[in-house]
Amino acid sequence: MLDLKFIRENPELVADGMRKKGEGIELREFLEIDEKRRMIIQEVEELKRKRNEVSEEVARLKKKREDATSIIEEMREVSKKIKDLDGELSKYEGELKGLLLSIPNMPHESVPVGKDDTENVEVRRWETPRNFDFEAKAHWDIGTDLDILDFERASKISGARFAIYKGLGARLERALITFMLDLHTKEHGYFEIYPPYLVNSDSMTGTGQLPKFGEDMFKCTGTDYYLIPTAEVPVTNLRRDEILNEDELPTYYVAYTACFRSEAGAYGKDTRGLIRQHQFDKVELVKYVKPETSYDELEKLVANAEEVLKRLKIPYRVTLMCTGDLGFAAAKKYDLEVWMPSYGRYVEISSCSNFEDFQARRANIRYRPTGGGKLQHVHTLNGSGLAAGRCFAALLENYQNEDGSVTIPEVLIPYMGVDRIG
RNA sequence: GGAGAGAUGGCCGAGUAGGUUGAAGGCGAUCGCCUGCUAAGCGAUUAUAGGGGCUAAACCUCUAUCGAGGGUUCGAAUCCCUCUCUCUCCGCCA
């Protein structure tokens with residue numbers, strides 16, 4: 001959510017930012033409603049001031065046991081008028097709030113302008129993809145042949161876009177998650193959170209999934225609960241409506257959760273394998289920081305996520321999203337992409353974003369500067385560190401051997417107890 | 001699921017036979033004083049949001065806010081209704 005005053009005073013800037021993100025929202029209606037709202041506020045507050053004065057006068061008269069019926073009579077009218085105006089006002093405020101919640105965040109000045117993912121910018125690459133001197137298999141074939149993945153039975157018990165991890169496959173998924181959590185908590189200074197997987201609509205609004213992207217999520221019928229699409233939602237909302245002390249910043253959280261996405265509108269995409277599932281595991285990094293440090297913190301966050309792939313020794317690259325591919329809430333976003341032999345290209349495995357105060361304003365997360373001063377919104381950031389399912393897939397493909405077995409990366413052997421599968 | 005109790009400022013905690021209570025008191029914090037250092041002490045300050053004034057900040061002023069939403073009333077933290085959450089007891093249960 002942007003600051004109302006900022007939009008009022010810089011409509012051109014905001015329109016420009018929305019254009020760069022590819023959003024065609026018209027600000028004129030917004031500004032008109034804001035104008036009407038302020039006029040009513042002036043009128044109704046004047047009446048309330050009068051009412052307050054007269055009420056005190058009534059109290060004085062009654063104390064002296066004098067008659068007050070005439071001014072009470074008069075105030076009855078005023079009160080009715082106030083009620084009407086208040087009703088009108090809340091109508092406009094509702095509309096304004098609705099529009100405010102649907103205006104995207106502004107892109108940071110360091111973000112390249114572009115229309116879609118074809119204009120993202122590659123920032124760096126790590127290691128070169130391996131050359132196979134045999135026919136490399138896709139992870140769904142490797143996993144099925146080793147009997148550590150079972151897609152057929154998953155579709156029987158649930159449906160399309162689900163997977164069952166079996167035996168050493170289940171253990172590998174768990175090993176990846178534990179390895180990532182250990183790395184981030186023990187070496188990168190993150191505090192571990194294990195949050196609920198079901199959250200209410202206020203939380204979904206706080207991080208920006210609602211009101212615009214309800215279709216992408218699973219909602220529990222007859223309740224206000226949504227299955228989380230990412231741990232970003234419960235963890236960023238952890239401090240919703242709270243005031244932090246400055247010395248609490250920066251705060252780093254890491255959380256493992258399952259994630260649930262309806263993948264509406266993605267029917268033809270990535271239909272095989274683990275890449276696009278309704279349920280997947282992810283370790284998520286979330287930061288609350290002071291505004292002046294948030295861009296440094298973003299670089300550190302990306303480096304923390306990259307460290308996972310470096311230790312697993314899986315080739316990857318980092319890309320900077322252009323304005324058109326930034327998404328609704330982010331001001332700046334990097335993606336980590338792993339090399340996926342079956343795709344013959346790099347595939348997204350992590351998304352690291354700085355939301356500046358966009359989420360903090362929606363979720364009302366502020367901090368009190370030490371030594372006084374006005375409350376300020378914190379800046380929030382998050383990034384996958386990493387998506388475990390896609391990591392699993394990349395690992396199988398990049399570590400496969402000619403005989404169909406899969407070598408376990410060195411850092412995972414302590415967690416696996418074996419050095420290969422198959 | 002049944003029965004009861006509760007929700008007040010950054011925190012703790014007063015205040016309900018409706019009328020200067022934005023809200024006592026305490027803690028914490030900030031500034032100043034005192035002090036060989038520390039500790040203690042003394043004084044002052046200390047909510048948020050939204051309007052309006054001001055080029056703007058500072059500042060001034062108004063309005064709102066005592067879990068949320070509605071109602072009664074000239075006037076509600078205080079009365080009524082609905083909802084949410086927390087706690088206690090019972091039942092059930094992983």
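By convention in this document, chain letters (A, B, ...) are assigned in the order of the sequence lines, proteins followed by strands, and residues within each chain are numbered from 1.
Take the nearest nucleotide of RNA chain B for A:M75 and for A:R8: the residue whose nucleotide is more 5' is A:R8. In terms of position on RNA chain B, the residue among A:L4 and A:A59 whose nearest nucleotide sits closer to the 5' end is A:A59.
Of all nucleotides present, none satisfies the Watson-Crick or G-U wobble test against B:rG36 with each distance under 3.5 Å. Pairing partner, B:rA58: none, since no Watson-Crick or wobble contact has both distances short of 3.5 Å. In this entry B:rG6 has B:rC85 as its Watson-Crick or G-U wobble partner, both defining distances falling under 3.5 Å. Nucleotide B:rU72 is matched to nothing when pairs are restricted to Watson-Crick or G-U wobble geometry with both distances under 3.5 angstrom. The partner of B:rA47 is B:rU65, judged by Watson-Crick or G-U wobble contacts that both fall below 3.5 Å. Here B:rA14 sits opposite no nucleotide as a Watson-Crick or G-U wobble pair (both hydrogen-bonding atom distances under 3.5 Å). Using the Watson-Crick or G-U wobble rule with both distances under 3.5 Å, B:rA23 pairs with nothing in any strand shown.
OP1 and OP2 of B:rU73 both lie 4.0 Å or more from every side-chain N or O belonging to A:S79. When the side-chain nitrogen and oxygen atoms of A:R37 are compared with OP1 and OP2 of B:rG51, one or more of them lie within a distance under 4.0 Å. At B:rG51, none of the side-chain N or O atoms of A:R38 fall inside 4.0 Å of OP1 or OP2 (strictly under the cut-off). Between A:K83 and B:rU72 there is a side-chain N or O to OP1 or OP2 distance below 4.0 Å.
Between the C1' atoms of B:rA47 and B:rC12, the separation comes to 16 Å (whole Å). For the P atoms, the distance linking B:rA68 with B:rA77 amounts to 12 Å, nearest Å. Across B:rC74 and B:rU48, the matching P atoms stand 35 Å from one another, rounded to whole Å. B:rU20 and B:rC62 have their C1' atoms separated by 16 Å, given to the nearest Å. B:rU8 and B:rG50 have their P atoms separated by 24 Å, given to the nearest Å. Remark: the separation of the P atoms in B:rU84 and B:rU65 is 24 Å, to the nearest Å. Spacing between B:rC34 and B:rA49 at atom C1', rounded to whole Å, works out to 40 Å. B:rU73 and B:rG18 are spaced 16 Å apart, taking the P atom of each and rounding to whole Å.
Proximity of residues 40-52 of chain A to RNA chain B (heavy atom under 4.0 angstrom from any strand atom) is restricted to A:I41, A:Q42, A:E45, A:K48, A:R49, A:R51, A:N52.
A:N200 has its CG atom 13 Å from the P atom of B:rU84, to the nearest Å. Between the CD atom of A:E57 and the P atom of B:rU20 there is a distance of 14 Å, given to the nearest Å. Residue A:D202 contributes atom CG, which lies 18 Å from atom P of B:rC83 at whole-angstrom precision. If you take CG of A:D34 and P of B:rG50, they are 12 Å apart, rounded to a whole angstrom. For A:N364 and B:rG10, the CG to P distance is 11 Å, given to the nearest whole Å. Summarising the geometry, the separation between CG on A:D224 and P on B:rC85 is reported as 10 Å, rounded to the nearest angstrom. When rounded to the nearest whole Å, the span between CD of A:E248 and C1' of B:rG10 equals 11 Å. In this structure, A:Y92 places its OH atom 16 Å from P of B:rG51, rounding to the nearest Å.
Centroid-to-centroid, the aromatic rings of A:F162 and A:F151 stay 6.0 Å apart or farther. When ring centroids are compared, A:Y288 and A:Y253 come within the 6.0 Å threshold.
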Would you check, one step at a time, whether the test side chain to side chain contact (heavy atoms under 4.5 Å, CB included) holds for A:I193 with A:L238? CA-CA 10 Å; A:I193 302 287; A:L238 204 61; 3.8 Å; yes
Verdict with reasoning, A:R19 to A:E23, per salt bridge (Lys or Arg N to Asp or Glu O under 4.0 Å): CA-CA 6 Å; A:R19 231 180 342 264; A:E23 297 262 356; over 6 Å; no
Step-by-step side chain to side chain contact (heavy atoms under 4.5 Å, CB included) determination, A:M416 to A:I421: CA-CA 10 Å; A:M416 288 297 289; A:I421 301 175; 4.2 Å; yes
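Ring-plane geometry between A:H188 and A:Y190 is classed as perpendicular, the angle between the planes exceeding 60 degrees on a 0 to 90 degree scale with a lower cut at 30.
Using a 4.0 Å cut-off between charged nitrogen and carboxylate oxygen, A:R37 and A:E93 count as a salt-bridge pair.
Counting only residues at least two apart or in different chains, ring-ring contact (aromatic ring centres under 6.0 Å, His included) contacts with residues 376-396 of chain A comprise A:Y165-A:F392.
With sequence neighbours excluded, the residues satisfying salt bridge (charged side-chain N to carboxylate O under 4.0 Å, His left out) with A:E73 are A:R76.
Here A:I71 lies out of heavy-atom contact (under 4.0 Å) with every strand. Nucleic acid contact class of A:V58 (heavy atoms, under 4.0 Å, all strands): base. Across all strands shown, A:K80 has no heavy atoms under 4.0 Å from either base or sugar-phosphate atoms.
Remark: the A:D224 side chain and the A:S201 side chain contain an N/O donor-acceptor pair separated by less than 3.5 Å.
Taking the side chain of A:R368 as heavy atoms from C-beta on, and the options B:rG51, B:rA47, B:rC74, the nearest nucleotide is B:rA47.
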